[in-house]
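Worksheet for the structure shown next.
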Amino acid sequence: DGGITQSPKYLFRKEGQNVTLSCEQNLNHDAMYWYRQDPGQGLRLIYYSQIVNDFQKGDIAEGYSVSREKKESFPLTVTSAQKNPTAFYLCASNMVWTEGYTFGSGTRLTVV
Amino acid sequence: AQTVTQSQPEMSVQEAETVTLSCTYDTSENNYYLFWYKQPPSRQMILVIRQEAYKQQNATENRFSVNFQKAAKSFSLKISDSQLGDTAMYFCAFMKHDMGAQKLVFGQGTRLTINP
């Protein structure tokens, strides 16, 4: 079945460490997105990519980095520069804007 | 900038009742799409319903329907015959074009609880 796979489901990071969240899709979608979700808030866009080897900053890109070397993969790195990284991270993709997004099941990142 | 506002942080109804979730948005665009997503306790985002702005007819999906008022920039979700499985966070979202990309802008969500 086609879909988006995010891993790991839970991730713990020590202060000062970089961590990478994985997002893989087999839907043949061109565009991929990373969102952050905090309690009581909606989803906020971190980065997005419309094609391979190209990506753009979203509304809250500071402290994050991404790559898009393959169409299927869009990993997100949370760097030590991100001061408040504890959150739920959602990856999404789409082909046609009229169809909305397909989402992965998310990664819960906690700083310990 | 486009914004999406959900004015009801939490709602609670009895099973089988009808409930309406409110959403307003702000945009200067004429062609856009609106969506309602459901996020149950599993936290998986599930598309509930979508509406094309140039269509006056309100979208319907089984027990879910919308009341789309384009002039008022309002997009409410009505759930009929509510079920326990409808308990979830509900997010209203606006799809916009920006620099050739399609971005979903989300409201802050409404936590809906269906009581037995």
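Each chain gets a letter, A, B and so on, in the order its sequence line appears, and its residues count up from 1.
- With a 6.0 Å radius and a threshold of 12 heavy atoms from other residues, nucleotides or ligands, B:Q57 has its CD atom at or below the threshold.
- With a threshold of 4.5 angstrom between heavy atoms, A:L45 approaches chain B through side-chain atoms but not through N, CA, C or O.
- In this structure, chain A has a heavy atom under 4.5 Å from the side chain of B:L47, while its backbone stays farther away.
- In B:N62, the CG atom is not crowded: 12 or fewer heavy atoms of neighbouring residues, nucleotides or ligands sit closer than 6.0 Å.
- Interatomic distance, A:N94 CG to B:M95 CE, rounded to the nearest 0.5 Å: 5.0 Å.
- By the neighbour-count criterion of 12 heavy atoms within 6.0 Å, atom CG of B:N30 is sparsely surrounded, having that number or fewer from other residues, nucleotides or ligands.
- Heavy-atom distances place both the backbone and the side chain of B:R43 under 4.5 Å from chain A.
- The 12-atom threshold is not exceeded at NZ of B:K78, counting heavy atoms of other residues, nucleotides or ligands nearer than 6.0 Å.
- Proximity to chain B (any heavy atom under 4.5 Å) is restricted, for A:R108, to the side chain, taken from C-beta onward.
- Counting non-hydrogen atoms of neighbouring residues, nucleotides and ligands closer than 6.0 angstrom, the CZ atom of B:R111 reaches no more than 12 such neighbours.
- Using a 4.5 Å cut-off on side-chain heavy atoms (C-beta onward), A:F103 and B:Q39 make no contact.
- Both A:I60 and A:V78 belong to a single network of hydrophobic side chains, linked directly or stepwise wherever heavy atoms of I, L, V, M, F, W or Y lie under 4.5 Å apart.
- For the pair A:Y101/B:F35, no side-chain contact is recorded, criterion being any heavy-atom separation below 4.5 Å from C-beta on.
- Both B:L84 and B:F64 are part of a single hydrophobic cluster, where members link through side-chain heavy atoms under 4.5 Å apart.
- The main-chain N or O of B:L104 is found under 3.5 Å from a side-chain atom of A:Y35 such that the two form a donor-acceptor pair.
- At a 4.5 Å heavy-atom cutoff, B:E52 makes no contact with chain A through either its backbone or its side chain.
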